[in-house]
Amino acid sequence: MAANYWESTQRRHWQFTKPQLDELRENLEGEEPTLVQMYPLPQLRHLSIYFNQQIARLGKRLGVRQQAMATAQLYIRRFYTKVEIRRTNPYLVIATAVYLACKMEECPHHIRLVVSEGRTLWPDYFSSDTSKLGECEFFLISEMSSQMIVHHPYRSLTSLQGTFSLTQEESALAWSIINDHYMTDLPLLYAPHIIALMAILLALVLRPNQTGVQSASGSAGSIASAAHAALSQASQTKAGPNEKQGGGARSKVQRLANWLAESNIDIEAIVDCTQEIISFYEFHEQYNEKLCREQINRFVKARGLDK
């Protein structure tokens, strides 16, 4: 087991560029052109939101803690870079990912309980045969090359709370943004500490006077502008002479910008992350759960994948 992210299989094997991810997915669809044509699916972001909702439902019934559910979401995202979704029963994959993530995060649940709860949630699309979940578990492990250790941004957020004097509300908002980023490709694109810093930046720009970023989606442009201004300040400070500001109270956003300027952190990566998560929140408003469910259920039933 890698003690840190830099030596981990996550960094060496499961970090991609956007073009690499696009190519992987295009290749998968190219291998199954007939299936792709016969069974259209929702856009990937909407599919990710639907999967997240199903994981949350199952996790709530099983009493699974957040980090295990985050691990399950990342397992699913990794798995579907290797396997075309229409070849699988997504409900079985979701339940299996949660079962496997709970094992890895040391909060295991008995396979019979997971199958029973899955059967309760998706009675028409989920078999009561525990061996199906067992087979799917080996399928997931195999496609992920037994590289199961996941490094999450939560640890970086916790360690940086004191550095930026985050209030409980600001920390909670940053935590919520990290939860939401698992519905995007960000975990496959950037290191956990980059994600944590993006979440802190947005939490400070937003302030906890709102219930979350999604509630502010209408002002996404102004949020992005404020975030980018702070990052631009950090970039300029890093590029130019490093003059420290005199005493006087500095805002937390300024403190973060100055801290970034003095660090070796990739500011461009934080800019990209910020743009992606804000774009995701805007996209979230167009999500149609009923349409997603119907399109998934259609190919599961038609291909007999619920047996």
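All residue numbers in this chain count up from 1 along the given sequence. Predicted model only: the values in this text are computed from it and were never measured.
In this structure, the ring of Tyr182 has its center less than 6.0 angstrom from the ring center of His152. Aromatic ring centres of Tyr91 and Tyr125 lie closer together than 6.0 Å. The aromatic ring centroids of Trp6 and His151 lie 6.0 Å or more from each other.
The structure places SG of Cys102 at 8.5 Å from CZ of Arg65, a figure rounded to the nearest 0.5 Å. Taken from OH in Tyr99 to NE2 in His109, the straight-line distance is 11.0 Å, to the nearest 0.5 Å.
Judged by distance alone, the side chains of Gln54 and Trp122 do bring a donor and an acceptor atom under 3.5 Å apart. Residues Tyr281 and Asp180 bring a donor and an acceptor atom of their side chains to less than 3.5 Å of each other.
Using a 4.5 Å heavy-atom cutoff, the side chains of Ile296 and Leu47 are in contact.
Salt-bridge formation is not detected for the pair Glu7/Arg12: no Lys NZ or Arg NE/NH1/NH2 atom is positioned less than 4.0 Å from an Asp or Glu carboxylate oxygen. Between Arg77 and Asp185 there is a salt bridge, since at least one side-chain N of the basic residue sits less than 4.0 Å from a carboxylate O of the acidic one. Salt-bridge check for Glu84 with Arg25: failed, with every basic side-chain N at 4.0 Å or more from each acidic carboxylate O. A salt bridge links Glu294 and Lys290; the closest N-O separation between the charged side-chain nitrogens and carboxylate oxygens is under 4.0 Å.
Cation-pi contact between Arg45 and Phe283: present, with separation from the ring centre below 6.0 Å and deviation from the ring axis of at most 45°.
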